[in-house]
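In what follows, a single structure is set out as C-alpha cells and then discussed.
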Number of protein chains: 2
Amino acid sequence: MNEPTARRRDVTVADVAREAKVAKATAARSLGGYGAVSDDVRQRVQAAAEALGYHANGLARSMNTGRSNTIGVIVGDIENPYFGLAMRGITDTAKAAGYDVILANTGEQLDAEIDAARVFVEKRVDGFIVAPASFTLTDHLSDIMHSGRPLVLLDRHVANLDDVDVIEVDNEKVAHAAAQHLIDRGHERIAFITTLELGSNPYQAGDELGVSSVSARVNGILAAMNTAGVDNSERYLRFGANSGSGVKGVTRELMQLEEPPTAIIASDSLIAMGVLGELRELGLTVPDDVSFIMFDDFEWATLISPALTVIAQPVYEVGVAAATRLIARIEGRVTGEPIQVFPAALVHRKSVAPPRVVGRDDA
Amino acid sequence: MNEPTARRRDVTVADVAREAKVAKATAARSLGGYGAVSDDVRQRVQAAAEALGYHANGLARSMNTGRSNTIGVIVGDIENPYFGLAMRGITDTAKAAGYDVILANTGEQLDAEIDAARVFVEKRVDGFIVAPASFTLTDHLSDIMHSGRPLVLLDRHVANLDDVDVIEVDNEKVAHAAAQHLIDRGHERIAFITTLELGSNPYQAGDELGVSSVSARVNGILAAMNTAGVDNSERYLRFGANSGSGVKGVTRELMQLEEPPTAIIASDSLIAMGVLGELRELGLTVPDDVSFIMFDDFEWATLISPALTVIAQPVYEVGVAAATRLIARIEGRVTGEPIQVFPAALVHRKSVAPPRVVGRDDA
DNA sequence: CAATTGAGTGAGTCCGGTCTCACTCTACCA
DNA sequence: TGGTAGAGTGAGACCGGACTCACTCAATTG
C-alpha cells in the first residue's frame, strides 16, 4: 500500500464508465445521483468505482453546477477565543446543512481582508460570513454583493451597504448597563481599553469608530456617564492596545495618571489578561484598587481571584445564526429581518466594588 | 451600485478577449500571466478586464493546472485555544507562501474526520494537515497519501503509515519531567486527566491510546513514577473527561477517594479550567490540598492564584513547521527529517508544593 | 391493438480556464 | 542576404464533471 499507486492520474467518470461498460453520461448520472438509472447499472457502476478508487472531482462538479457547497468565512483573529467559538457555531451549522467552510484570518488588516475576499470569489464560494475590519472601507464587500453571492456580517455592521444581513450583539445596551453598574457603585472615572486603532485624530464624542461593535460599546459607556452627569467622560478611553505589551503599557499609563481611573472595562478577553497582568505588576488589587469588567465570559474568569464580573455574549449562537442566515440566503429562503441583534448579559461576580477614594458604604 | 449589476453571468476570458479584440488564448495568457504577451495587448486586455469587472474562476483554473493553491486542515476542536494558535501559525505561513487554507472541525469524531478528508480530496486541495483522531484507524489518511497529496500530521503520529511527515512535541519527555518534578516534591499519588476516550477496556500499562500525544504523556508520567518505585502508578489515570461537566465529575470522584491524589496533571487548558473550578467547589486549595500542573500555557494561567505551573508547548511554531513542511512537499522540495519533534518546557510557578500528608519541609 | 407515456441510455455540448501547436513577423547572425 | 531564432498571436483540444437532447423499449391506456 505504498508509492506505486500514487501520482497516477485521477480516476474519472470516463474510466469508471469504461470499466462498467456503460456510457460516460450514464456513469455520471449514477455517480452523481441525479438522473434515472436502473438498479443493474447502478450496481455495476458502483462496483467499478470502488474497484478503481474513484473520487469525484469537486472542482469540475462546481464548475458545472455553479455551486461549490462552500462557505467562506473571514475573521480578524481566530486565536481570539471569541472567534474560535463563533467559528464552531458556524462550522457546526454548515456541516449539518451539508456545507464546507473555508476560513481566512486577516489579523484585522484591511488589505488582508480584501485579498481574502478576492480569493474566495475566485474559489466561487456560495456565500460569505465576514467580520469586517473597517466600518467605512467596504468596497470589497459591496463587490461581493454585486457578484450575487450572499453576505452575512458577523459581530459588526458597516456603513453604506444596503440590505446586507448582520448578526450582532446589542453592545451599546450592555455597555451602558455595565457602565451604569459601575456608576451605581460610585465610579466616575471609568476607563475602556480596546485593541481597535483610532486612526489619526483623537477621539471626539460621537465619532464613528472603525468597528461598529466597539463604537457601540463606547457610545453605551459614554451615554451612561453623561446621563449621570460625569464631565469629560471620554478622557479614559484608550485605543490601539494590541494584545501583549501594548495593553500593558496602556494600563500602566492609565494607572499612573494623577487621577487614575477607578474602574476599567476591557473590550475582550485578550485585553483583559493583559490588563490584569499589568495591574498585578503594579501591585494593584481588583477590586480594592480598581474595579474591573471584561467583555466575553470564559471559564478562567471564574477561576481567578476575584472572579470577574463580565459581559457574557452568546458567541456560539451568533455563529449559528450567521451560518443559518447565510444558508437560507444561498438556498433562496429569505427569512425574517436582515439584522439580528442578540442580547448580551452583565454577569455580576466579584471584580466590582465601590471606589476606594470616595468610600461609600453599601453592599 | 445596487441590484442591477448582480446575478449576471460571470465575466469570462472570452468576454474580455472580445472586448479587447484579441483571441481568447491571448487574453488568457495576459490575464493568467503565463505566456508571452506584448505590452500593447497586455494593456488593452487589462483595461477590458477592469471595464467588465473580470474575476478569474479559480475552479476552472485549478481543474487545468491540477493545483488549487489550497491547504486542507483538519483539527479536532478549534475552540480549544491550542488549535486556534496552531491554526494561526498555519494560516500565517500558508498566506506568506501564497496558499489558502480550508479548515474542517471534527469534534474529535473519526467519522467526521473521514468525511472531511473525502470532501477535501474532492476539492482537490494541494495538501493536508491533520491532527488525527485515531492512532490506528487511518485508512482515510492512507487514502490521502495514495492520492498523491502530501500529508503532514500535526501534534500526533499514527501507526501503520510509512513515510508520513509528523510535527509534534516531545510529550513523553516533558511529561516525565513534570511527574519527576512532582515526585521530587514528595508526591506519589499523581493523577492525569484527559478528554481522550479509552475505548472498552480499562487501561493497562503500555497500552497504545487513541491519540499518540496523550499516549506519550501517560508513558512519561508512568515511567517517572515507576523509576521512583511507585506502585500501582496508573490508578489515578482518568480518560474520557469531556470538557464541562465530565471533567468536574472526574475531579470530584478522584478527590473523594479514600486515598485521593496529591497532585493532578491536566492534559490541556480546557480540562484545567474544569478541574480548578471543581476543586474550588470542593473547597480544596491549590497547592495546599493538591498540586496542579497543566499542559499549555496561556496568560490566564499566570493570573489566577496561585499562578499555574505549566507545560509550555511551542504551539504556534508547530503550526508554522507543519505548514512549512507541507508546502515544501507540495512544491517538491523535500527537506530534512520526516518527523520533527519540538521540545516543550516545564514552567515552574506556584501550583506545586509538597503534599500535605507527608509534610516534608523544603522550599 | 394502436397510441401514449416515461424510465433508461448514449452522444455530444458546455462550464471557464490552461496548454499545445502551427503560424507570422521581426531581429540578428554568418 | 538568406537562414534562423524567438517573441507574439490565434485556433482548438482538453480538464472532469453536469446537462440537453434524441432515441429505445416496455408498460399503460382508451
Side-chain angles (χ1 to χ4, degrees), chain A residues 8-46 48-49 52-70 118-119 121-126 147-148, chain B residues 8-46 48-49 52-70 118-119 121-126 147-148:
Chain A
R8 226 185 42 209
R9 220 180 92 277
D10 284 329
V11 179
T12 74
V13 273
D15 299 325
V16 175
R18 200 175 312 119
E19 175 82 8
K21 304 202 189 309
V22 295
K24 184 181 143 197
T26 304
R29 268 191 289 264
S30 182
L31 260 11
Y34 54 88
V37 184
S38 67
D39 286 348
D40 172 45
V41 167
R42 191 187 315 284
Q43 282 173 21
R44 292 217 315 274
V45 170
Q46 192 59 35
L52 267 42
Y54 170 79
H55 281 287
N57 183 326
L59 272 48
R61 172 174 297 160
S62 294
M63 222 172 70
N64 285 305
T65 58
R67 309 234 1 249
S68 61
N69 250 41
T70 303
R118 184 186 48 72
V119 169
V121 167
E122 286 188 2
K123 284 201 183 311
R124 297 295 192 265
V125 297
D126 292 338
S147 80
Chain B
R8 224 184 45 210
R9 217 178 96 280
D10 284 328
V11 178
T12 74
V13 271
D15 298 326
V16 176
R18 200 175 311 119
E19 176 82 8
K21 303 204 188 308
V22 296
K24 182 182 147 196
T26 304
R29 266 191 290 265
S30 181
L31 259 11
Y34 53 89
V37 185
S38 66
D39 284 349
D40 172 46
V41 167
R42 191 187 315 284
Q43 281 174 20
R44 291 215 319 271
V45 170
Q46 192 58 36
L52 266 42
Y54 170 79
H55 281 287
N57 183 326
L59 272 48
R61 172 174 296 161
S62 294
M63 221 172 69
N64 285 303
T65 58
R67 309 233 2 247
S68 60
N69 250 36
T70 303
R118 184 186 48 71
V119 169
V121 169
E122 287 188 3
K123 284 202 184 310
R124 296 298 192 264
V125 296
D126 292 338
S147 79

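First the proteins, then the strands, lettered A, B, ... as listed; each starts at 1. All values below were derived from every heavy atom in this structure, side-chain atoms included, with hydrogens, water molecules and symmetry-related copies excluded. As the structure is a computational prediction, the values presented were derived from the model and not from experiment.
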Legend entry - Residue pair A/Gly35 / A/Arg29: nearest heavy atoms and the distance that separates them: CA-CD, 3.5 Å
Legend entry - Side chain of A/Val13 (C-beta onward), nearest among D/dG17, D/dT9, C/dG10: D/dG17
Inset, instruction - With the side chain of A/Asn64 defined as its heavy atoms from C-beta on, choose the nearest nucleotide among D/dT9, C/dG17, D/dG17. - result: D/dG17
Inset, instruction - Please state whether the phosphate of D/dA18, meaning OP1 or OP2, lies under 4.0 angstrom from any side-chain nitrogen or oxygen of A/Thr65. - result: no
Legend entry - Under-4.0 Å side-chain N/O to phosphate OP1/OP2 contact, B/Ser62 with C/dG17: no
Legend entry - Side chain of B/Ala23 (C-beta onward), nearest among D/dG16, D/dG10, C/dG10: D/dG10
What side-chain donor-acceptor pairs closer than 3.5 Å can you find for residues 52-59 of chain A, not counting sequence neighbours?
| unit_1 | atom_1 | unit_2 | atom_2 | d |
| --- | --- | --- | --- | --- |
| A/Asn57 | OD1 | A/Leu59 | N | 2.8 |
| A/Asn57 | OD1 | A/Ala60 | N | 3.1 |

Legend entry - Heavy-atom closest contact (A/Asp126 atom, A/Gly66 atom, distance): OD1-O, 4.3 Å
Inset, instruction - Would you tell me if any nitrogen or oxygen in the side chain of A/Tyr34 comes within less than 4.0 Å of OP1 or OP2 on C/dG8? - result: no
Inset, instruction - Would you mind reading off the distance between B/Arg44 atom CZ and D/dG10 atom P, rounded to a whole angstrom? - result: 8 Å
Legend entry - Side-chain-base donor-acceptor pair under 3.5 Å for A/Arg29 and D/dG17: no
Inset, instruction - Determine: side-chain N/O of A/Thr26 to OP1/OP2 of C/dG10, distance under 4.0 Å, yes or no. - result: yes
Inset, instruction - Take atom CZ of A/Arg42 and atom P of C/dA7, then tell me their distance rounded to the nearest Å. - result: 13 Å
Inset, instruction - Name the residue closer to the 5' end of DNA chain D, choosing between A/Ala14 and B/Lys24 according to the nucleotide with the nearest heavy atom. - result: B/Lys24
Inset, instruction - Can you tell me the distance, in whole Å, between the CG atom of A/Leu31 and the P atom of D/dG17? - result: 8 Å
Legend entry - Rounded interatomic separation in angstrom, taking CE from A/Met63 and P from D/dG17: 11 Å
Inset, instruction - Would you indicate which nucleotide in C/dG10, C/dC19, D/dG17 comes nearest to any side-chain atom of B/Arg124? - result: D/dG17
Inset, instruction - Check the distance between C/dG16's C1' and B/Arg61's CZ and give it to me in whole angstrom. - result: 10 Å
Legend entry - Heavy-atom closest contact (B/Arg61 atom, B/Gly32 atom, distance): NH2-CA, 4.4 Å
Legend entry - Atom-pair distance (NZ on A/Lys21; P on C/dG10), nearest Å: 12 Å
Legend entry - Rounded interatomic separation in angstrom, taking CG from B/Leu52 and P from C/dG16: 13 Å
Legend entry - Shortest non-hydrogen separation from A/Val125 to A/Ser68 and the atoms involved: CA-OG, 3.4 Å
Inset, instruction - For the side chain of B/Ala25, starting at C-beta, report the closest nucleotide among C/dC19, D/dG16, C/dG17. - result: C/dC19
Inset, instruction - In whole angstrom, give the distance that lies between atom CG of A/Asp10 and atom P of D/dC15. - result: 12 Å
